[in-house]
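Fair warning: this is a prediction, and the values are worked out from it, not measured in the lab.
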Amino acid sequence: MLSRFFIQRPIFAAVVSIVIVTMGLAALVALPIAQYPDLAPPSIAVNANYPGADATVVADTVAAPIEQEVNGVEGMLYMSSVSAGDGSYALTITFAPGTDLDIASVQVQNRVAAAEPRLPEDVRRLGVKTNKKMPDFAQMVSVFSPGGTFDDVYLSNFATLRLRDEIKRIDGVGDATVFGAAEYAMRLWLDPAKLEARDLVPGDVVNAIREQNVQVAAGKVGEDPAPAGTPFELSVSTKGRLQTVEEFGELVVRTGDDGRLLRVRDIARVELGAQNYTIGSNLDGRPAANIGIYQLP
């Protein structure tokens, strides 16, 4: 009966349709974004890195402990993870529509914190990150040198230091990742023959670097309890972390019985290079730094 009423009065039906469309357009402009319905289920991303490990090792030592703890977190629909051959691990937890992501993020962080004691030391030292972001890219931005003046390492380092943090502060951006060589790092290329001749292993060199390349709190001079009449209280500054190739080359690996010093430059080649070389980035065949931008759920 109702449909026949509008069929027999086409002008009235047209007027009603125009009114509904006009009201919808007005609501589309005025309606706050927060009142739009959630169409895509929200997600939380967990990322970790285990340098030097292959996909199997990452899956056994990083993925297994984290996923055992995170599995079953309140509101979770499902989760998926990727253990890559470059030592990276990415876990995406998808929640039911309408879930408060702030609360979900705290719950996931608590579960990850419970798994951290079982993670390898290198993973704990680098940290496990938990972000609110969509699993797919919203945009990809490329940074390149038109004249070929700068290489991919310089471009990636520039994008990491100057652009990534600025992009992350844009409203609606969940995360930004720089693909390519990433930031600069001091690389030590050990000579296996020289290590064997001196009865050393790479772990000995790593331990020497960790012990000597540190920022030391040297304290103060004249701080209480000081002798009576001390007029000043001065902070003592010492040289902190090493910065140049020459400084790293002078690090002492071992001291012999006769007092002779074995330095890093005696058994390794030191250079300023990229943090990793597992991912290359190009634009039209030219070196570039690609920035992947993820949308905030």
Side-chain angles (χ1 to χ4, degrees), residues 44-70 79-93 105-106 108-133 135 152-153 156-161 163-165 167-168 174-190 201-215 240-243 248 251 268 270-281 289-292 294:
I44 301 292
V46 178
N47 298 94
N49 193 30
Y50 192 178
D54 58 18
T56 302
V57 174
V58 173
D60 294 338
T61 61
V62 181
I66 292 178
E67 292 175 13
Q68 288 174 2
E69 293 292 340
V70 173
M79 63 182 182
S80 60
S81 66
V82 176
S83 300
D86 61 351
S88 62
Y89 169 72
L91 171 66
T92 302
I93 307 103
S105 178
V106 172
V108 171
Q109 287 178 349
N110 293 337
R111 298 289 187 99
V112 172
E116 284 187 359
R118 291 182 284 161
L119 299 178
E121 180 183 353
D122 291 342
V123 179
R124 295 199 304 268
R125 186 172 65 252
L126 294 174
V128 181
K129 298 189 300 181
T130 302
N131 315 29
K132 296 182 294 183
K133 68 178 185 181
D152 55 345
V153 180
S156 297
N157 188 69
F158 176 82
T160 301
L161 297 179
L163 300 179
R164 184 179 61 180
D165 293 340
I167 293 175
K168 283 184 176 182
D175 194 14
T177 303
V178 179
F179 295 96
E183 58 255 42
Y184 281 113
M186 197 65 66
R187 303 189 67 89
L188 278 66
W189 303 97
L190 300 175
V201 296
D204 297 328
V205 182
V206 173
N207 292 333
I209 295 174
R210 288 178 179 173
E211 293 174 357
Q212 300 174 52
N213 184 32
V214 293
Q215 182 70 48
R241 293 185 177 273
L242 307 179
Q243 297 180 353
F248 274 89
L251 285 175
V270 185
E271 68 176 13
L272 183 63
Q275 187 176 26
N276 64 75
Y277 292 94
T278 55
I279 299 177
S281 180
N290 290 327
I291 307 175
Y294 298 89

>> Restricting to side-chain contact (heavy atoms from CB on, under 4.5 Å), what partner residues turn up for Ala208, sequence neighbours left out?
In response: Gln212

> Excluding sequence neighbours, so at least two apart, what forms side-chain hydrogen bond (donor to acceptor under 3.5 Å, both in side chains) with Glu271?
Replying inline: Trp189, Arg269

>> Which residues pass the side-chain contact (heavy atoms from CB on, under 4.5 Å) test with Asp175, not counting sequence neighbours?
In response: Asn131, Lys133, Lys168, Thr177, Tyr294

> Does Asn157 use its side chain to pair, donor to acceptor, with the backbone of Val153 at less than 3.5 Å?
Replying inline: no

> Given side chains that start at C-beta, do those of Arg164 and Ile291 come closer than 4.5 Å, heavy atoms only?
Replying inline: no

>> Please determine whether side-chain contact (heavy atoms from CB on, under 4.5 Å) holds for the pair Val46 and Val70, giving the CA-CA distance in whole Å, both sets of side-chain angles, and the decisive distance to 0.1 Å.
In response: CA-CA 10 Å; Val46 178; Val70 173; 5.5 Å; no

>> Could you report the tightest heavy-atom contact between Val123 and Leu119, atom names first, then the distance?
In response: CG1-CD1, 4.1 Å

> salt bridge (charged side-chain N to carboxylate O under 4.0 Å, His left out): which pairs involve residues 119-131, sequence neighbours left out?
Replying inline: Asp122-Arg125, Asp122-Arg210

>> Could you check whether any side-chain N or O of Arg241 sits under 3.5 Å from a backbone N or O of Gln215, counting only pairs where one atom can act as donor and the other as acceptor?
In response: no

> Shortest non-hydrogen contact from Ala55 to Ser83?
Replying inline: CB-O, 3.4 Å

> Sequence neighbours excluded, which residues qualify as side-chain hydrogen bond (donor to acceptor under 3.5 Å, both in side chains) partners of Asn49?
Replying inline: none

>> Donor-acceptor pair, distance only, cut-off 3.5 Å: does the side chain of Arg187 make one with the backbone of Gln275?
In response: yes

> Where do Val62 and Pro120 come nearest, in terms of heavy atoms and distance?
Replying inline: CG2-CD, 4.3 Å

>> To check you understand the geometry: which heavy-atom pair defines the closest contact between Ala84 and Val58, and what is its length?
In response: O-CG2, 4.2 Å

> Looking only at heavy atoms, what is the nearest atom pair of Ser156 and Phe179, with distance?
Replying inline: OG-O, 4.3 Å

>> Filter on side-chain hydrogen bond (donor to acceptor under 3.5 Å, both in side chains), then keep only pairs touching residues 57-67, sequence neighbours left out; what's left?
In response: Glu67-Ser81, Glu67-Tyr89

> Is Asn207 reaching over with its side chain to a backbone N or O of Asp204, donor-acceptor style, under 3.5 angstrom?
Replying inline: no

>> For Asp86 and Ser88, which I'm curious about, is there any donor-acceptor pair between the side chains at under 3.5 Å?
In response: yes

> Rounded to the nearest 0.5 Å, what separation is found between the CG atom of Asn47 and the CD1 atom of Ile66?
Replying inline: 9.5 Å

> Looking only at heavy atoms, what is the nearest atom pair of Ala114 and Glu69, with distance?
Replying inline: CB-OE1, 3.9 Å

> If you round to the nearest 0.5 Å, how far is CG of Leu242 from CD1 of Ile209?
Replying inline: 9.0 Å

